[in-house]
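Quick notes on the structure that follows.
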2 protein chains.
Amino acid sequence: MPADPLSRVFSALADPTRRDMVARLAVADATVNELAAPYDVTLQAVSKHLKVLEEAGLVTRGREAQRRPVHLEAEVFDLMTKWIDRYRREAEERYRRLDGVLRAMPDDTEASPTRREGARP
Amino acid sequence: MPADPLSRVFSALADPTRRDMVARLAVADATVNELAAPYDVTLQAVSKHLKVLEEAGLVTRGREAQRRPVHLEAEVFDLMTKWIDRYRREAEERYRRLDGVLRAMPDDTEASPTRREGARP
DNA sequence: ATCCTGTTCAACCAATAGGTTGAATACAGG
DNA sequence: CCTGTATTCAACCTATTGGTTGAACAGGAT
């Protein structure tokens, strides 16, 4: 189970039920029972989902009598956004550069049929 | 396989090999063989990973002789960042609000034992 | 002590994911 | 036409995932 943190977060959010729980937890903390209510699965299944979210660092659990209130920890989101933004930016820069090259090229030198519209005849 | 788009993207990126491929594709398009080189798995395995990325809309494939060059489509990233940002923002706003409430409260009214440090005796 | 509520643990099951090997397809070059 | 290269398809294997049921544990209330 030593999957790296990034993989754990991505894969935790790859499940719609889990994403929905996160969405709801963004609004307010909740107990397992409260969280389970809307879904058509057993409490145990929800408990498992929660464990996944917890291992990904997305939620923490309190203890309050027999309840174990769930709290969203939004900081881990940064792990993802950092990764995403980095490669998105790289890809976009590269695209800008390529675009410049194409724009600077004599009208029909057309290096390879790569996403370019309207080379007027 | 009708998993929703968001789930597909998240789960595509939940694999380190796949993330690494995306990272490399952000720099330059590549063929399956080029992509496979660094990894210690068969070409077929890489081909499968590529299919996952493709179904998630993260890459598209060209056709150029017998090669099928892989191209990163960075736009799908937006799907994720929109989702993430939305709930991160919600969570942060909620935190700000709660913080305000606590700050405005008479020093030891302490609604419930929720993350608060140093209520001086 | 007993009971009720909230939550988890354990064993099990079916479906999926990631990997393998081996055969098939696609196409450029002699 | 035959060969080599690039890639995929198909069948198979194992581990993981998401779900189930049933039993266990924790702690307030009676």
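Protein chains get the first letters and strands the later ones, always in sequence-line order, with residue 1 at the start of each.
- A salt bridge links B:Glu90 with B:Arg86: at least one charged nitrogen is closer than 4.0 Å to a carboxylate oxygen.
- Here D:dT20 presents its P atom at 14 Å from OH of A:Tyr39, a figure rounded to the nearest Å.
- Taking atom CD on B:Gln66 and atom P on C:dA26, their separation rounds to 13 Å, with Å as the unit.
- Closest approach of B:Pro5 and B:Leu79 over heavy atoms only: CB-CD2, 3.8 Å.
- When the nucleotides D:dG19, C:dC9, D:dA11 are ranked by their closest atom to the side chain of A:Ala45, D:dG19 comes out on top.
- Rounded to whole Å, atom C1' of D:dC25 lies 15 Å from atom CG of A:Leu43.
- One atom, CD of A:Glu55, and another, P of D:dT16, lie 13 Å apart when rounded to the nearest Å.
- Summary of the strand contacts: B:Thr31 and A:Asp40 both lie near DNA chain D, and taking for each the nucleotide with the nearest heavy atom, the more 5' one is attributed to B:Thr31.
- The A:His49 side chain lies nearest to D:dG18 when the options are C:dG6, D:dG18, D:dA6.
- For C:dG22, its base sits under 3.5 Å from the side chain of B:Gln44 at one donor and acceptor pair at least.
- By the 4.5 Å heavy-atom criterion applied to side chains, B:Val76 and B:Arg8 are not counted as neighbours.
- Looking at which nucleotide of DNA chain C each of A:Arg68 and B:Thr42 is closest to, the 5′-most match is held by A:Arg68.
- Note that CG of B:Leu72 and CE of B:Met21 are 12.5 Å apart. Values are rounded to the nearest 0.5 Å.
- Checking the phosphate oxygens (OP1, OP2) of C:dC27, a side-chain nitrogen or oxygen of B:Arg63 falls inside 4.0 Å.
- Between A:Arg67 and A:Asp29 no salt bridge is recorded (no basic side-chain N to carboxylate O distance below 4.0 Å).
- Atom-to-atom, CZ of A:Arg8 to C1' of D:dT16 comes out at 15 Å; the value is rounded to the nearest Å.
- For C:dA28, neither phosphate oxygen OP1 nor OP2 lies less than 4.0 angstrom from any side-chain nitrogen or oxygen of B:Arg67.
- Straight-line distance from the CZ atom of A:Arg18 to the P atom of D:dG19: 8 Å, rounded to whole Å.
- For A:Glu64 against D:dG27, a side-chain-to-base donor-acceptor contact under 3.5 Å is absent.
- Comparing B:Ser47 and A:Val52 by the nucleotide of DNA chain D that holds the closest heavy atom to each, the one mapping nearer the 5' end is B:Ser47.
- Closest to the A:Arg61 side chain, of the nucleotides D:dA6, D:dG28, C:dT7, is C:dT7.
- Residue A:Asn33 places its side chain closer to C:dT7 than to any other of D:dT7, C:dT7, C:dG18.
- Distance CG (A:Leu35) to P (C:dT7): 9 Å, rounded to an integer number of Å.
- The distance from atom NZ of A:Lys48 to atom C1' of D:dT20 is 8 Å, rounded to the nearest whole Å.
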